[in-house]
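In what follows, every chain begins at residue 1, and chains take the letters A, B, ... in the order their sequences are listed.
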Amino acid sequence: DAKTTQPNSMESNEEEPVHLPCNHSTISGTDYIHWYRQLPSQGPEYVIHGLTSNVNNRMASLAIAEDRKSSTLILHRATLRDAAVYYCILRDGRDDKIIFGKGTRLHILP
Amino acid sequence: ETGVTQSPTHLIKTRGQQVTLRCSSQSGHNTVSWYQQALGQGPQFIFQYYREEENGRGNFPPRFSGLQFPNYSSELNVNALELDDSALYLCASSLGVGVDTEAFFGQGTRLTVV
């Protein structure tokens with residue numbers, strides 16, 4: 001199975017941008033990069049996904065390296081509500097199940 | 001609110017008992033997946049149902065079983081409960097299968113086995 005590596009935790013100040021990195025050096029050509037987050041006491045929530053090109057939506061941006069071996073989730077202006085565990089997930093084209101790793105716990109400082 | 005509802009929200013059972021957890025998918029979604037999340041860990045994939053058929057299973061013993069009904073709601077059954085089964089059980093629904101789909105998660109059922 002393709003794997004991802006994320007820092008265990010990160011801190012950021014409120015109202016500043018946050019860049020959450022993810023390494024996936026064994027990614028294959030058919031793997032999609034997905035991000036989910038889990039706020040305290042809630043189920044995971046979809047954030048964004050992409051294949052090769054950078055992606056933007058109302059929640060965040062996803063920057064994918066040209067060789068696709070790494071990606072960065074960008075929260076443009078963090079709020080206290082963005083404090084959560086962020087999961088970077090590769091979804092295999094042969095087996096589409098969402099397999100979670102340990103994620104990055106993001107702390108937002110007021 | 002994702003439109004995925006799970007019941008009950010909390011449950012306490014005794015070791016050796018059986019439990020049934022329920023999930024109502026978001027309207028129109030024909031795929032449901034179940035996850036187990038122990039405290040401080042990421043969710044672990046249990047199994048997925050697509051149009052009432054099991055469509056993949058994680059590394060869980062046969063005492064974990066499931067059903068998907070014609071209206072695409074789903075049940076997770078766990079027999080012979082063990083203390084280690086204490087966890088948050090999450091249900092996720094999506095439209096179809098495939099790597100380009102988005103999954104919507106419920107709030108989960110917190111199961112405590114004593």
Side-chain angles (χ1 to χ4, degrees), chain A residues 1-9 22 24 27-53 55 57-60 62 64 68 71 84-106, chain B residues 1-7 9-10 21 23-26 29-50 54-60 66 76 87-111:
Chain A
D1 290 342
K3 301 291 186 195
T4 63
T5 304
Q6 299 177 252
N8 289 334
S9 66
C22 181
H24 29 79
I27 192 170
S28 73
T30 56
D31 290 342
Y32 277 73
I33 303 159
H34 285 247
W35 284 82
Y36 281 75
R37 72 179 185 180
Q38 188 170 19
L39 279 66
S41 302
Q42 294 192 26
E45 172 188 34
Y46 168 82
V47 178
I48 201 166
H49 77 280
L51 182 61
T52 56
S53 305
V55 184
N57 66 20
R58 64 174 180 81
M59 289 182 68
L62 176 61
I64 301 173
R68 301 212 321 130
S71 60
V85 178
Y86 286 78
Y87 296 98
C88 171
I89 296 158
L90 295 186
R91 293 187 73 181
D92 189 332
R94 298 160 296 171
D95 178 5
D96 68 315
K97 311 306 180 286
I98 300 175
I99 305 300
F100 291 85
K102 296 185 178 180
T104 296
R105 183 171 297 277
L106 176 64
Chain B
E1 287 292 327
T2 63
V4 179
T5 57
Q6 293 186 242
S7 62
T9 55
H10 294 83
L21 310 181
C23 173
S24 177
S25 303
Q26 182 159 313
H29 284 186
N30 54 16
T31 304
V32 65
S33 302
W34 285 91
Y35 291 82
Q36 180 195 66
Q37 186 172 25
L39 208 58
Q41 304 294 317
Q44 299 296 305
F45 173 73
I46 303 176
F47 43 56
Q48 180 185 83
Y49 280 84
Y50 172 59
E54 187 177 292
N55 182 45
R57 187 179 183 92
N59 190 25
F60 280 82
L76 164 66
L88 180 68
Y89 288 85
L90 294 159
C91 162
S93 77
S94 58
L95 180 58
V97 295
V99 293
D100 202 20
T101 59
E102 173 185 345
F104 295 82
F105 285 80
Q107 300 271 50
T109 294
R110 172 74 61 190
L111 172 65

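Expressed to the nearest 0.5 Å, how far CZ of B/Phe105 lies from OH of A/Tyr46 amounts to 13.0 Å.
The choice from A/Gly43, A/Gly50, A/Gly103 that makes the most heavy-atom pairs within less than 4.5 Å of chain B is A/Gly43. Considering only heavy-atom pairs separated by less than 4.5 Å from chain A, the leading option among B/Gly42, B/Cys91, B/Pro43, B/Gly108 is B/Pro43.
Annotation: side-chain hydrogen bond (donor to acceptor under 3.5 Å, both in side chains) contacts involving residues 37-46 of chain B, sequence neighbours excluded, comprise A/Gln38-B/Gln37. Note on residues 41-51 of chain A: pairs passing salt bridge (charged side-chain N to carboxylate O under 4.0 Å, His left out), not counting sequence neighbours, are A/Arg37-A/Glu45.
Of the possible polar contacts, one joining the B/Tyr35 side chain to the A/Ile98 backbone as a donor-acceptor pair under 3.5 Å is found. Judged by distance alone, with hydrogens and angles left aside, the side-chain atoms of A/Lys97 form no donor-acceptor pair with the main-chain N or O of B/Ser33 at under 3.5 Å.
Taking the six-membered ring for Trp, B/Phe45 and A/Phe100 have ring centres at least 6.0 Å apart.
A/Arg105 CZ: 12 or fewer foreign heavy atoms inside a 6.0 Å radius.
Within the 4.5 Å cutoff, no side-chain heavy atoms of B/Glu102 are placed close to those of A/His49.
The parts of B/Thr101 that come within reach of chain A are both its backbone and its side chain, each placing non-hydrogen atoms under 4.5 angstrom from that chain.
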